[in-house]
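First the structure, in the form of C-alpha cells, and then the observations on it.
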Amino acid sequence: MKCPYCGYEESKVIDSRPTDEGQRIRRRRECLQCQKRFTTYEIIESLPIIVIKKDKSRETFNRDKLMTGLLRACEKRPVSFDTLDNMIDEIEVNIQNSLDREVSSERIGELVMEKLKKIDEVAYVRFASVYRQFKDINTFMNELNKLLLED
C-alpha cells in the first residue's frame, strides 16, 4: 500500500476492524519510511455471473428467478424454503469457484437437477419436465425409468 504522504510502498497494519456490517475492512497503517499513519479500506470484489441462455443471449445470474422455478417444482411438497435457499447458495458457490464468469443455463439446470434429485424426486421430475421440455409421454417415461434404475 503506497503511503499518501511520501509515496513509499511498504507499510504495516496497526489496527484492523470490520465496517459496514462486515462488507469492508478498515485498516490503520503506518508507513515504514516516514512513520505517518493513514487509513485504508478493503472491500470484497464480487464479479457478476453471466448466464448464457439457449438462444445465446446473456443476462446476469438472478437467484430470484431460480428460486421461482424451484418453488414451482416443489409446490405442495415437503421441501422447506431454507433447503431451497441453501441449495441455491451451493450452486452459486459452485459456479463462483469454477472461476468462469460465464455459465450456460444448461449447466445451471444440470446442477439444480443433481441437487433436487437428492432432496425430492417428485420435485425433480417436475423441474426436469420443464427444463428438458418433455415433448411427449415417452420422454417423460424415459426420465422416470432412469430415476427408477438409479435406486
Side-chain angles (χ1 to χ4, degrees), residues 1-134 143 146-147 149-151:
M1 187 61 54
K2 190 183 266 188
C3 173
Y5 303 105
C6 70
Y8 193 66
E9 293 191 12
E10 299 286 328
S11 64
K12 66 179 178 180
V13 175
I14 306 292
D15 180 45
S16 185
R17 64 180 71 165
T19 61
D20 297 337
E21 298 173 2
Q23 296 300 310
R24 297 192 313 166
I25 298 175
R26 177 186 183 273
R27 297 200 193 277
R28 245 351 240 159
R29 296 178 177 271
E30 184 177 291
C31 175
L32 294 178
Q33 183 168 315
C34 70
Q35 275 70 50
K36 290 192 179 179
R37 293 184 176 185
F38 56 98
T39 303
T40 60
Y41 292 90
E42 289 182 19
I43 60 170
I44 295 174
E45 181 180 35
S46 60
L47 299 171
I49 298 168
I50 303 299
V51 178
I52 304 169
K53 298 171 69 173
K54 288 180 183 176
D55 67 358
K56 302 297 181 213
S57 65
R58 287 167 165 71
E59 67 180 44
T60 306
F61 176 78
N62 183 344
R63 67 181 288 126
D64 293 336
K65 194 172 176 181
L66 184 53
M67 180 60 85
T68 300
L70 286 170
L71 288 171
R72 202 170 294 132
C74 294
E75 197 170 310
K76 297 182 182 178
R77 298 297 305 155
V79 180
S80 72
F81 184 85
D82 287 341
T83 300
L84 296 178
D85 199 42
N86 290 336
M87 185 174 123
I88 293 172
D89 286 343
E90 289 173 14
I91 290 168
E92 214 169 345
V93 166
N94 185 310
I95 295 167
Q96 290 281 1
N97 288 344
S98 74
L99 301 178
D100 292 330
R101 292 299 111 214
E102 294 187 334
V103 63
S104 68
S105 59
E106 288 86 11
R107 175 74 181 127
I108 294 171
E110 293 300 325
L111 289 170
V112 169
M113 288 184 20
E114 184 180 300
K115 294 191 176 299
L116 202 52
K117 187 186 288 187
K118 296 173 188 167
I119 294 170
D120 189 286
E121 289 179 343
V122 172
Y124 164 80
V125 171
R126 287 178 181 169
F127 188 88
S129 70
V130 173
Y131 172 69
R132 293 222 170 108
Q133 299 174 340
F134 294 157
E143 192 65 35
K146 277 195 263 181
L147 192 61
L149 290 174
E150 289 176 5
D151 287 341

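Just so it is clear, the values below take in all heavy atoms, side chains as well, and ignore hydrogens, waters and symmetry mates. On a predicted model such as this, the values are computed, not experimentally measured, just so you know.
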What are the two closest heavy atoms between Gly69 and Phe127, and how far apart are they?
O-CD1, 4.4 Å
Taking Asp100 for the side chain and Glu102 for the main chain, is one N or O donor matched with an acceptor at less than 3.5 Å?
no
Spatial distance of atom CD1 (Ile52) from atom CZ (Arg107) [nearest 0.5 Å]:
13.0 Å
Restricting to non-hydrogen atoms, name the atom on Ser104 and the atom on Val51 that form the minimum distance, rounded to 0.1 Å.
C-CG1, 4.5 Å
When you compare the side chain of Thr83 with that of Asp120, does any pair of heavy atoms fall below 4.5 Å?
no
Between Leu66 and Phe61, which heavy-atom pair has the shortest distance, and what is it?
CD2-CZ, 4.1 Å
How many angstroms lie between atom CG of Leu32 and atom NZ of Lys12, to the nearest 0.5 angstrom?
7.0 Å
Quick one, Cys74 and Leu84 - any side-chain contact, counting heavy atoms below 4.5 Å?
yes
How long is the gap from OH on Tyr124 to CD1 on Ile119, to the nearest 0.5 Å?
13.0 Å
Quick one: which of Met1, Arg24, Arg27 gives a side-chain contact (heavy atoms from CB on, under 4.5 Å) with Glu42?
Arg27
Would you call Asn94 and Asn97 a side-chain contact if the rule is heavy atoms closer than 4.5 Å?
no
With Ile49 as reference, evaluate Asn62, Thr60, Ile95 under the side-chain contact (heavy atoms from CB on, under 4.5 Å) test and give the passing residue.
Ile95
Verify the distance criterion only: is there a donor paired with an acceptor across the side chains of Asp82 and Ser80 at less than 3.5 Å?
no
Could you tell me whether Arg63 atom CZ has more than 12 heavy atoms of other residues or ligands within 6.0 Å of it?
yes
Once you round to the nearest 0.5 Å, how far does OG1 of Thr39 lie from CZ of Arg29?
10.0 Å
Mind listing the closest non-hydrogen atom pair of Tyr8 and Cys31 along with its distance?
CB-SG, 3.9 Å
Rounded to the nearest 0.5 Å, how far apart are CD of Gln35 and SG of Cys6?
9.0 Å
Euclidean distance, Glu10 CD relative to Gln33 CD, rounded to 0.5 Å
10.5 Å
Smallest separation among heavy atoms of Thr19 and Arg26, with atom names
CG2-CB, 3.8 Å
